[in-house]
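In what follows, a structure is listed as structure tokens, so that the remarks can point back to it.
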Amino acid sequence: SRPRRRVNPGFQAQLKLYEAMGCAVDTSSVLYKRYRLEMLSQRFSEPQDLPREVFAVDPTTISQTLNTEVLYRCRKCRHALFRSSSILSHMEGMGPTAFAHKRITESARLSGNRQEKCTSYFIEPVQWMEPALLGVMEGQLLCPKCTSKLGSFSWRGDQCSCGRWVTPAFQIHKSRVDEVRTLPVGNFQTAKT
């Protein structure tokens, strides 16, 4: 009856998410995981007590013999950090033009030649990160075994090398991890790095 009445934009976003997931709530969907993390980052000014379901299961506690997912390990000590199902993909950004506020020189802008691909993985939080995440809005992510720097996190978000802003950001640099794939060979499996 009122011409100015509108549907809440947050509700519209939830409906679009529901439709994108095939009209079913799929908690393993990357879209759902990203939405859940965005809602948490808006709700907490300093996350003190995060729900357990926010954290992905530590890959060291999962049997690898039956799992065909890619496993990511610390490049320095080979400690298992996360699985491919924890990676939260994002649309590629505008590249160097997105960093205009950082005063990129003209020569660097010209030599870019579409090299703005992502140099990091943005993942959902994993159980080994919990002590580092509680009570702070941003910080470094260190390997739980050898304490080498893997990346950083920010509940407010961070910019990817491709130019896309990712909120919240749990960023692991690709140069700090190794990708390990298990390939079935006969009756047993082998690891391929």
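The analysis underlying the following values was restricted to heavy atoms, covering all of them including side chains, and did not include hydrogens, waters or symmetry mates. Everything numeric here is computed off the predicted structure, so don't read it as measured data.
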Can you see which heavy atom on [X] is nearest to which on [Y], and at what distance?
{"X": "Arg75", "Y": "Val177", "value": "NH2-O, 3.2 Å"}
{"X": "Glu138", "Y": "Ser154", "value": "OE1-OG, 3.5 Å"}
{"X": "Lys149", "Y": "Leu142", "value": "CA-CD2, 3.7 Å"}
{"X": "Cys118", "Y": "His90", "value": "SG-NE2, 3.4 Å"}
{"X": "Ser161", "Y": "Thr119", "value": "OG-N, 2.9 Å"}
{"X": "Tyr72", "Y": "Glu179", "value": "OH-OE1, 3.3 Å"}

Is there a side-chain contact between Arg176 and Leu141 (heavy atoms, below 4.5 Å)? no
Over 60° means perpendicular and under 30° means parallel, so tell me whether Trp155 and Phe170 are parallel, tilted or perpendicular. perpendicular
Interatomic distance, [X] atom [atom1] to [Y] atom [atom2] [nearest 0.5 angstrom]:
{"X": "Phe82", "Y": "Arg73", "atom1": "CZ", "atom2": "CZ", "value": "12.0 Å"}
{"X": "Ile123", "Y": "Ser84", "atom1": "CD1", "atom2": "OG", "value": "11.5 Å"}
{"X": "Gln159", "Y": "Thr167", "atom1": "CD", "atom2": "OG1", "value": "10.5 Å"}
{"X": "Lys145", "Y": "Leu81", "atom1": "NZ", "atom2": "CG", "value": "11.0 Å"}
{"X": "Cys160", "Y": "Lys117", "atom1": "SG", "atom2": "NZ", "value": "11.0 Å"}

Among residues at least two apart in sequence or on other chains, which ones pass side chain to side chain contact (heavy atoms under 4.5 Å, CB included) with Thr147?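 By the side chain to side chain contact (heavy atoms under 4.5 Å, CB included) rule, Thr147 matches no residue at all.
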Any link between [X] and [Y] through a network of hydrophobic side chains (Ile, Leu, Val, Met, Phe, Trp, Tyr) touching at under 4.5 Å?
{"X": "Trp128", "Y": "Val136", "value": "yes"}
{"X": "Phe153", "Y": "Ile87", "value": "yes"}
{"X": "Val70", "Y": "Val126", "value": "yes"}

Among all residues two or more places apart in sequence or in another chain, which pass the side chain to side chain donor-acceptor pair (under 3.5 Å) test with Tyr121? none
Compute whether any side-chain donor of one residue and acceptor of the other, for Ser120 and Gln171, lie under 3.5 angstrom apart.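 Distance-only check passes for Ser120 and Gln171.
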With clusters built from Ile, Leu, Val, Met, Phe, Trp and Tyr whose side-chain heavy atoms come within less than 4.5 Å, directly or transitively, what are the remaining members of the cluster of Val166, listed by chain and number? Phe122
